[in-house]
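This report refers to the structure that appears directly beneath it.
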Amino acid sequence: MIDYSNPKLLVESAKLSKGQVTWKSPSNLAIVKYWGKHGIQLPRNPSISMTLNNAHTITRVSYEARTDFERLFEIDFMFHGERMESFEGKISKFFEQLLPIYPFLKQVKWTIESENSFPHSAGIASSASAMSALALCLCSVEDELFGTLSDDKAFDQKASYLARLGSGSASRSVYSKWSVWGQSGSVEGSSDEFAIAYDTMVHPVFNTFHDDILIVSRAEKSVSSTAGHQLMEGNPFAAVRYQQANKRLEDLCVSMKKGDVEHFGKIAEDEALTLHALMMASNPSYLLVEPGSIEMIKRIRAFRADTKHPVYFSLDAGPNIHLLYPEEVVHAVRPFVESELAPLCVDGFWINDWCGDGPEQL
Ligand code: PMV
């Protein structure tokens, strides 16, 4: 186990000058899903994801000497320019977990300003981009104040570790293209504690992949991911699911190395449907797919059967459909999206996204 605890990371308040760091960090789409956790945000099975490009969060963290000592932490949080006190509590909880690692969190006044590239009500989980952006900012602050994270690999690993404590899937957003989180015998260096870049064994076709995010509903999810992970503990299919995820990750790695897009697509779809089947088989059971999601799945499968184009779907823990395909078929797929899928989206809204280059310090 890694121990990042460091009681030495304290600042001398008299010497603390103001500072500011900003990171833009993307969301990601898991192909083999993380669903079920234990201990302190440790996954029950390994997962692999594609880092996106356009669905991202920009977070600016400003710090200065603290003046108000009434609360454990002094945090002002602004979302799209508006103070959001409800989030300050969440960030406080996150900071509390990080205190052994970053004791200076208590010494400083934090102003955190965040914005998403996608509409708040698009039904897109923003925790991966939001928590990774915040974790990256904290690592930059550490580096500015103490000069302790100058090595890029060490920086990314720590950012991924911290992001994981905020939201498991956020650990994977720290890297460009593809990343793996969770220990797997088929991925050297993989760990339950942080994600790693998965870049050397990937056929180039996968780095050209598109993900058109088709917005089926803007409604708030009826069951949060946190509650969903929790329900896996009593799910009668849990043990076999974790075995299956390990095997699928292994198989996916082989397909990604070979450039076997068809097998990749099959695993992506099987994983998406398994995730929702697990929700339906939970106690209490619940359903996050909507009639629009199912209609889209049928149309995507029919389009693939008719045209033989490699076009597949995935789902996150919500009703939105992620349409996956390599760049080489974009000209054939775009008219299909516009004529057959966009009319099923809320207000015709979908996000044109693709495999991205990872976070960027601004
Ligand atoms: O990171 P969380 O706790 O929001 O869980 C995300 C779980 C899924 O998005 C459904 C799957 C995944 O691996 O990203």
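All ligand and atom numbering here is 1-based and tracks the order in the structure. Residues take their numbers from the sequence shown, with the count starting at 1.
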SB check R299 E295 (cutoff 4.0 Å):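 Here R299 pairs with E295 in a salt bridge, since their nearest N and O are under 4.0 Å apart.
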
Verdict with supporting geometry, S114 and T57, side chain to side chain donor-acceptor pair (under 3.5 Å): CA-CA 7 Å; S114 203; T57 300; 5.4 Å; no

H229, portion touching ligand 1 at heavy-atom distance under 4.0 Å: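 Only the side chain of H229 comes within reach of ligand 1.
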
Within reach of ligand 1, part of S169 (heavy-atom separation under 4.0 Å):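 Both backbone and side chain of S169 come within 4.0 Å of ligand 1.
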
NZ or CZ of R164 within 45° of Y161 ring axis and under 6.0 Å: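 Judged by the rule (NZ or CZ under 6.0 Å from the ring centre, within 45° of its axis), R164 counts as positioned above Y161.
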
Row check, F87 ring normal vs K90 NZ/CZ: under 6.0 Å, within 45°: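 Positive - K90 is close enough to the ring of F87 and near enough to its axis.
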
Near [X], which atoms of ligand 1 are under 4.0 Å from a heavy atom of that residue?
X: A30; result: 12 (C), 13 (O), 14 (O)
X: S225; result: 4 (O)
X: S127; result: 4 (O)
X: G168; result: 1 (O)

Nearest non-hydrogen partners of S225 and A317, listed with the distance: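 Between these two residues, the closest heavy atoms are OG-CB, 4.0 Å.
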
Has ligand 1 got any nitrogen or oxygen that is less than 3.5 angstrom from a nitrogen or oxygen of [X]?
X: D316; result: yes
X: S167; result: yes
X: R172; result: yes
X: Y34; result: yes

Between T148 and E142, a side-chain donor and acceptor under 3.5 Å: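 E142 and T148 do have a side-chain donor-acceptor pair below 3.5 Å.
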
Pair W23-S140, side chain to side chain donor-acceptor pair (under 3.5 Å): steps then yes or no: CA-CA 9 Å; W23 276 90; S140 287; 2.8 Å; yes

